[in-house]
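Note that these values count all heavy atoms, side chains included, but never hydrogens, waters or copies made by symmetry.
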Amino acid sequence: MQKVIFLLFIFLTITSCKKKVENVVKAPNQKAEFSIVIHGGAGTILREHMSQENEAIYKSKLEEAIRVGYNILKNGGSSIDAVEKTINVLEDSPLFNAGKGAVFTNAETNEHDASIMDGKTLNAGASAGTKTVKNPISLARTIMEHSPHVMFSGSGAEQFAEEQGLTIVDPKYFYTEKSFNALQRAKQAQVNTYYNTNINDSKFGTVGCVALDKLGNLAAGTSTGGMTNKRWGRIGDSPIIGAGTYANNNTCAVSSTGWGEYLIRAMVAHDISALMEYKNLSLAEAAKEVIQNKLPSIDDGQGDGGVIAIDKLGNMVMEFNTAGMFRATMNDKGDLYIGMFTD
C-alpha cells in the first residue's frame, strides 16, 4: 500500500511539473510584437446625441490617427515616435479637446496641457498653460529630451518651444465655433466645470496614446485643452506624470481622461502600474480596480473618467466609468477596433 501511495505521489509530482513548464514555455509566445491604443476623451458620449454623419467623421479621424502610429511601429519605429505622431493628428483636428479643438477658458482663451513618458528610461516631459504652441505633445517630448527638467508652464514653456524651433501659431488658430459656443452655454448655466450632463455632447476632453514597440519599449502621452470655463490658470491631470500619463517597461503604459481633479487625487495612471508591480494584478484587473472602484469612491461618486493602457506583453485595455469614450486599438496583426459608446 505504501508503495502504491509513493508511486502515485511521484506521478502527481511529474504531472504538476509538466504543467508548470508548459505555462512558462507558452507565455513568451503570447507576447504581441507591437500594439497601440488611443483615446479622444471620455464623458457623456451618447448615441442619441450624435448623428450617423458625425459618428462616421469621428471614427474616420480616430482611424487616421491610430494608423499613423501603427505604421511607425510596424516599420520598426519607437513607441515614443508612435505616441507623439499619433497625438499630433488628434491635436490638429478640431474634433477633440486638444490642440486645434481645445476648449475655452473663462477669459475666452485656449490653454493647453500635455505630457509624455518613456517606459524604458522613465524619463518624462510635460507642459501646462501654453497658448501659442501648435502641438503641445511635441513640446512635452522636447522638454523630456532637451532639458534637465520635467515640466514647464506658461510663457516660459512657450519661450522654450520657440528656442527649440517648434511651430508657434497665433492664438486665433485654436478658435473653433463649437468650443466657443460651449463656453457661452457653460457661462449661461453658471457651470464652472467642463462636464455638465445638461449640455448635449458634453464630455471630458483629452486625447492620448499608449504604445508598445518591437523592442519591447512602452510609451504614453496625453494632451488636452482642459476644462471649459476654467479660471485662475487651472491645470488638470493631463500634464502630471502619474495622474494623466505613466509608462514603465516593467508594467504598463497609461493615458487617462476624465475629471482631472479626481484623477490627480487618485494618481490613476501610476496606481494601475503599482497594482501590477506590487500586487501582481493583470493589466485588466488593475485598470478595473482603479477606474470602477477607487476613482468613483472619491466624493461619493464624483470621480468619473477612464484610461487606455497597454502592458509589456501587448495586452490592451480601455476602461471607463462614463457613458462613453472615444477609443481605438490596433495590434501587430493589423486588427482595428474603434469604439465610442458603452456598447
Side-chain angles (χ1 to χ4, degrees), residues 39-43 58 61 65 84 87-116 125-143 151-162 164 166-189 191-196 199 201-208 221-240 244-245 255-261 326:
H39 73 74
Y58 274 96
K61 184 56 65 173
E84 180 193 7
I87 291 178
N88 283 162
V89 175
L90 299 173
E91 288 177 330
D92 291 345
S93 169
L95 296 175
F96 305 98
N97 177 17
K100 174 64 177 175
V103 299
F104 281 85
T105 68
N106 179 268
E108 300 187 353
T109 60
N110 306 105
E111 297 179 3
H112 306 87
D113 308 328
S115 63
I116 197 166
S127 64
T130 61
K131 300 177 183 179
T132 62
V133 180
K134 181 175 182 286
N135 292 110
I137 193 66
S138 296
L139 172 56
R141 180 177 181 177
T142 304
I143 292 169
M151 183 184 292
F152 292 159
S153 67
S155 60
E158 292 173 344
Q159 179 183 345
F160 180 78
E162 289 190 58
Q164 293 296 315
L166 298 182
T167 302
I168 304 299
V169 296
D170 187 292
K172 293 179 181 178
Y173 164 81
F174 300 109
Y175 176 90
T176 62
E177 186 175 358
K178 179 187 70 172
S179 294
F180 190 75
N181 289 341
L183 172 64
Q184 305 313 312
R185 294 197 303 272
K187 285 184 172 181
Q188 290 172 7
V191 176
N192 293 319
T193 176
Y194 60 162
Y195 177 69
N196 179 10
I199 300 176
D201 289 333
S202 174
K203 66 180 181 65
F204 294 128
T206 307
V207 303
T222 312
S223 181
T224 187
M227 172 188 290
T228 294
N229 205 25
K230 65 183 179 181
R231 303 175 67 185
W232 309 298
R234 178 264 184 189
I235 297 170
D237 65 292
S238 294
I240 298 179
T245 300
S255 174
S256 308
T257 174
W259 198 319
E261 280 67 19
F326 293 112

I would like to know whether K61 and F96 meet side chain to side chain contact (heavy atoms under 4.5 Å, CB included); could you show each step before the answer?
CA-CA 10 Å; K61 184 56 65 173; F96 305 98; 3.7 Å; yes

Looking at E111 and G226, would you say the former's side chain and the latter's main chain have a donor-acceptor pair under 3.5 Å?
no

Could you walk me through whether Q164 and T142 pass side-chain hydrogen bond (donor to acceptor under 3.5 Å, both in side chains), step by step?
CA-CA 8 Å; Q164 293 296 315; T142 304; 5.8 Å; no

Have S255 and H39 got a donor and an acceptor in their side chains that come within less than 3.5 Å?
yes

What one should report as the nearest heavy-atom pair of V103 and M227 is CG2-C, 3.6 Å

To the closest 0.5 Å, what do you measure between OG1 (T132) and CG (N110)?
11.5 Å

Quick one: CD on E108 to CG on N229, what's the gap to the nearest 0.5 Å?
9.5 Å

Working to the nearest 0.5 Å, report the span between CG of N88 and CG of L90.
9.0 Å

Got a second to check how far H112's NE2 is from N135's CG, nearest 0.5 Å?
9.5 Å

Criterion ring pair (Phe, Tyr, Trp, His ring centres under 6.0 Å) on F104 and Y175, from CA distance to verdict
CA-CA 8 Å; F104 281 85; Y175 176 90; 5.8 Å; yes

If only atom types and distance count, is the side chain of Y58 paired as donor or acceptor with the main-chain N or O of F326 below 3.5 Å?
no

Working to the nearest 0.5 Å, report the span between CD of E158 and OG of S153.
9.5 Å

Apply the test side-chain hydrogen bond (donor to acceptor under 3.5 Å, both in side chains) to residues D113 and S127: give CA-CA distance (whole Å), side-chain angles for both, the deciding distance (0.1 Å), then the verdict.
CA-CA 6 Å; D113 308 328; S127 64; over 6 Å; no

Please walk me through it: do T222 and T245 pass side-chain hydrogen bond (donor to acceptor under 3.5 Å, both in side chains)?
CA-CA 6 Å; T222 312; T245 300; 2.6 Å; yes

For the side chain of K230 and the backbone of G225, is there at least one donor-acceptor N/O pair under 3.5 Å apart?
yes

Closest approach of A140 and S115, non-hydrogen atoms and distance?
CB-CA, 3.9 Å

Cation over ring face, K100 and Y173, 6.0 Å, 45°
yes

In terms of heavy-atom contacts, I137 and E91 come closest through N-OE2, 3.0 Å

Closer than 3.5 angstrom, by distance alone: can the side chain of T257 be matched with the main-chain N or O of A42 as a donor-acceptor pair?
yes

Out of curiosity, T130 OG1 to Q159 CD, how far, rounded to the nearest 0.5 Å?
14.0 Å

Please report the shortest heavy-atom distance between S256 and T206, naming the atom on each side.
O-CG2, 3.7 Å

Locate the shortest heavy-atom distance separating P239 from A126; write the atom from each residue and the value.
O-CB, 3.1 Å

Which atoms form the tightest heavy-atom contact between A161 and L139, and what is the distance?
CB-CD1, 3.8 Å

